[in-house]
Amino acid sequence: MATIYKGNILFTKTQHQFEIIENGYIVVEDGKVVQVYTTLPTAYQHAELIDYSGKLIIPGMNDMHVHAPQFRNLGIAMDMELLPWLQNYTFPEEMKYADVNYADKMYRRFIKSIWKVGTTRTVAFGTVHKQSTAHLMKLMHAAGLGGMIGKVNMNRNCPDGLCETVEDAIADAQELIDVWDKEDNLVRPILTPRFIPSCTPEMLKALGDFAMSNNLKVQSHLSENKGEIAWVKELEPESTCYGDAYNRYNLFGQTPTLMAHCCYTEGEELELMNKNQVFVVHCPTSNCNLGSGKSPIRNFLDKNIPVALGSDVSGGHDLSIFKVMVYAIQVSKLWYANSDKKMPFLTLPEVFYMATKSGGSFFGKVGSFEPGYEFDALVIDDTELNHDNYTLLERLERFIYIGDDRQIEHRYVRGKRIDEPTFENV
Ligand code: GUN
Ligand code: FE
């Protein structure tokens, strides 16, 4: 049974331009887009039509890097760089997640908030705690939102309360994939070594082997901060670059891999990311707040390295991927100015593509309205912002720059309307 959605349709097939269909129709069947039309074929005349005439229909947002257990620290603790920030603010908060009741309370708030800002798929770090992380997956599933959730792995340079053994890490990972790693699951696990300083060589080897033998995706942090990079050089002296420290353990694109930040990636690391098609997850709000640096996104695009966007809460202070798009453009304009205009700044279709089809490709056919794509969508009622006959593209740009969740009227994931989570039966 097809369902037809009518409205002003905007999406990006490529990073170069928007597809814009004024008062068009999206035909959806079994949660997937069949086709987008300017006039509805007669074959669909009697199908159910949901009329969002005058409103904007765009793909849902993919937040490809966020720390769910850092939600309490959102908007505070911005006075330190990465390494002391982790020790003083982040690890103490994450230790609280040994208590599943605390995790339950906070993860419900977190999920309601990502729902609110229009994020339909999320790749999140949990904590080292298996039970709380499994609970986060249950809550995401109950909310009907999609994503990948990582139980964090760490066994060095962390407080006792966040330290695990290699044996426990592998046993826990096995348990989580046995329950959650099913082909059609909207919520799936992802292997999550925190970063090189948190994992001994034994841990990295065990995780790489585990990822390879279970074809499990991987996420971590890369080249975020200069002090961190120098520390990795000390810890892994044989590695030729930070990326190589992951690569030698099969944690760098041997299975699909997301690496957050990449502020200082160049040379060999850039080549390796290109060769292994490792995703850069650009987190510009976090990079500003932690004083980490500015990631040279244009270089990654020039090399055909896939780029997605992440809020990186609570290094980042805003869960809205729309706001992350704006920061991505602004940071790229600092590159532009500081390079004597040699490095072109990012355009609106480029950052929109990162947030939708590029990030979405990590999940499969997600993030576009082309045939066969899962229907993840937002319905935007921008009446309040559209007071002067703006074009459709201007309306979208205004919503991205100056809009907020008040204009998001509905969210869809895989063709299902997702209302505010109530977490029934959890
Ligand atoms: N590197 C290792 N852990 C973290 C974290 O929690 N946040 C950020 N931004 N970087 C990290
Ligand atoms: Fe992070």
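One-based numbering, in listed order, for ligands and for the atoms of each. Reckoned from all heavy atoms, side chains included, excluding hydrogens, waters and symmetry mates.
- Residue Tyr89 does not touch ligand 1, judged by heavy-atom distances below 4.0 Å.
- The two residues Val426 and Ala142 come nearest to each other via the heavy atoms CG2-CB, 3.4 Å.
- Salt-bridge annotation for Lys226 and Glu81: absent, with no side-chain N of the basic residue lying under 4.0 Å from a carboxylate O of the acidic one.
- Note on His65: counted as a metal contact of the Fe ion (ligand 2), an N/O/S atom lying under 2.8 Å.
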Apply side-chain contact (heavy atoms from CB on, under 4.5 Å) to residues Ile196 and Trp231 and explain how you reach the verdict.
CA-CA 9 Å; Ile196 295 285; Trp231 196 17; over 6 Å; no
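- For ligand 1, the atoms sitting less than 4.0 Å from at least one non-hydrogen atom of His261 are 9 (N), numbered in the order shown with element in parentheses.
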Report the C-alpha distance between Tyr412 and Thr120 in whole Å, list the side-chain angles of each, state the deciding distance to 0.1 Å, and finish with yes or no for side chain to side chain donor-acceptor pair (under 3.5 Å).
CA-CA 7 Å; Tyr412 287 84; Thr120 43; over 6 Å; no
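- If you look at Tyr97 and Tyr107, their ring centroids are closer than 6.0 Å.
- A salt bridge does not link Lys365 to Glu374: none of the charged side-chain nitrogens sits closer than 4.0 Å to a carboxylate oxygen.
- Nearest to atom 10 (N) of ligand 1 among the protein's heavy atoms is Glu224 OE1, 2.8 Å.
- Stacking of Lys333 on the aromatic ring of Phe345 is recorded, both the 6.0 Å distance cut-off and the 45° axial limit being met.
- Atom 3 (N) of ligand 1 has as its closest protein heavy atom Arg194 NE, 2.8 Å.
- Because the distance cut-off is set at 2.8 Å, Glu224 fails to qualify as a neighbour of the Fe ion (ligand 2), as none of its N, O or S atoms comes that close.
- With a 4.0 Å cut-off on non-hydrogen atoms, Glu228 does not touch ligand 1 at all.
- Taking backbone and side chain together, His261 holds no N, O or S atom under 2.8 Å from the Fe ion (ligand 2).
- Checked against a 3.5 angstrom limit, the closest N/O atoms of Glu94 and ligand 1 fall outside it.
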